[in-house]
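Quantities reported herein were computed from a predicted structural model and do not represent experimental measurements.
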Amino acid sequence: AACPLFSRHYRAGLNMIPLIEWYRRHPEEGAFLLEVAMGAMAGQLVNIDPATGATSMMYHASPHMRAFDPHSGDYGLGFFGNALETGAYYVVDAALGPLCFLCVATPQEGGGGGGGGVAMQEGGGGGGGGVAIEPRDAYRISAYLEPLGLYVQSECGRFSRLAYDGRQSVQVEFDAGSAQLCAVQRLKLTKQALQRPGTGFAVRGAPLVRGAYESASLTMLVTFSLEGAAAAPVAAA
């Protein structure tokens with residue numbers, strides 16, 4: 001008997017959690033774990049019927065079927081994985097160069113967020129003049145910058161754009177609707193990959209309140225130094 005082929009099963013949305021969290025801490029191992037995790041993460045949203053909003057626990061990918069399962073099953077578990085980990089991932093791959101997962105990256109000459117750029121290299125902090133990153137994930141509240149090993153999360157407000165100058169700053173821009181929801185925007189910075197350069201991450205002119213930087217402005221400028229290395233994957237200060 002032929003073995004059935006399932007795709008985007010709800011369990012994939014859970015199984016990808018340790019994969020993508022390991023990748024954020026160890027990007028030097030390559031982008032394979034990220035690619036697998038991204039497929040599982042994004043696939044959970046594909047299982048939602050755009051016409052009715054009904055969910056399916058998986059897709060039957062066998063050639064004689066090719067249809068969504070009529071049962072929702074434990075779809076919510078897979079959706080939880082997407083809600084927990086989805087975000088924009090900017091990666092500079094040794095073989096393929098700059099890549100943007102769930103985002104669009106546009107090269108910026110002369111620096112993206114303040115300051116000149118240097119040549120972008122895999123595993124380094126250079127930016128080749130900088131890059132503008134526009135998130136395209138479902139929530140647009142998280143972004144990972146692999147050249148810095150930096151995880152950027154919004155605790156209030158939604159990203160419209162991040163501009164990394166490749167040298168000394170990341171400009172984070174929130175969309176206009178954020179001001180209607182948040183008295184202040186809250187930005188959490190976490191240095192996760194010790195193998196990547198960058199220390200002293202902070203938002204210029206913004207106080208650190210309960211582990212996140214607060215500002216009423218829709219633009220925050222994250223500054224840092226490319227010298228030295230972090231001692232542990234803790235919230236940047």
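- Taking CG of Asp175 as the reference point, atom CZ of Arg161 lies at 14.0 Å (rounded to 0.5 Å).
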message: The test is side-chain hydrogen bond (donor to acceptor under 3.5 Å, both in side chains); show your working for Tyr59 and Arg66 and say whether it passes.
response: CA-CA 7 Å; Tyr59 180 77; Arg66 295 186 177 178; 5.6 Å; no
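- Residues meeting the side-chain contact (heavy atoms from CB on, under 4.5 Å) test with Asn15, sequence neighbours left out: Arg11.
- Rounding to the nearest 0.5 Å places CD of Glu35 at 8.0 Å from CG of Leu99.
- Taking every heavy atom of both residues into account, Asp49 and Ala51 meet most closely at OD1-N, 2.7 Å.
- Tyr164 and Phe224 have tilted rings, their planes meeting at an angle from 30° to 60° on a 0 to 90° scale.
- Ring to ring, Phe159 and Phe174 are close: their centroids are under 6.0 angstrom apart.
- Looking only at distances, a side-chain donor or acceptor of Lys191 sits under 3.5 Å from a matching main-chain atom of Arg196.
- Other cluster members for Leu45: Ile48, Tyr75, Phe79, Tyr139, Ile141, joined by side-chain heavy-atom distances under 4.5 Å among Ile, Leu, Val, Met, Phe, Trp and Tyr.
- Checked by atom type and distance alone, the side chain of Asn82 never pairs as donor or acceptor with a backbone atom of Gly13 at under 3.5 Å.
- At least one donor-acceptor pair closer than 3.5 Å links the side chain of Ser217 to the backbone N or O of Thr219.
- Environment of CZ in Arg204: sparse, with no more than 12 heavy atoms of neighbouring residues, nucleotides or ligands closer than 6.0 Å.
- The closest side-chain donor-acceptor pair between Glu173 and Gln171 falls under 3.5 angstrom.
- Checking side-chain atoms of Ser56 against main-chain N and O of Phe68 turns up no donor-acceptor pair under 3.5 Å.
- Under the 3.5 Å distance criterion, the side-chain polar atoms of Asp69 are left unmatched by any main-chain donor or acceptor of Met57.
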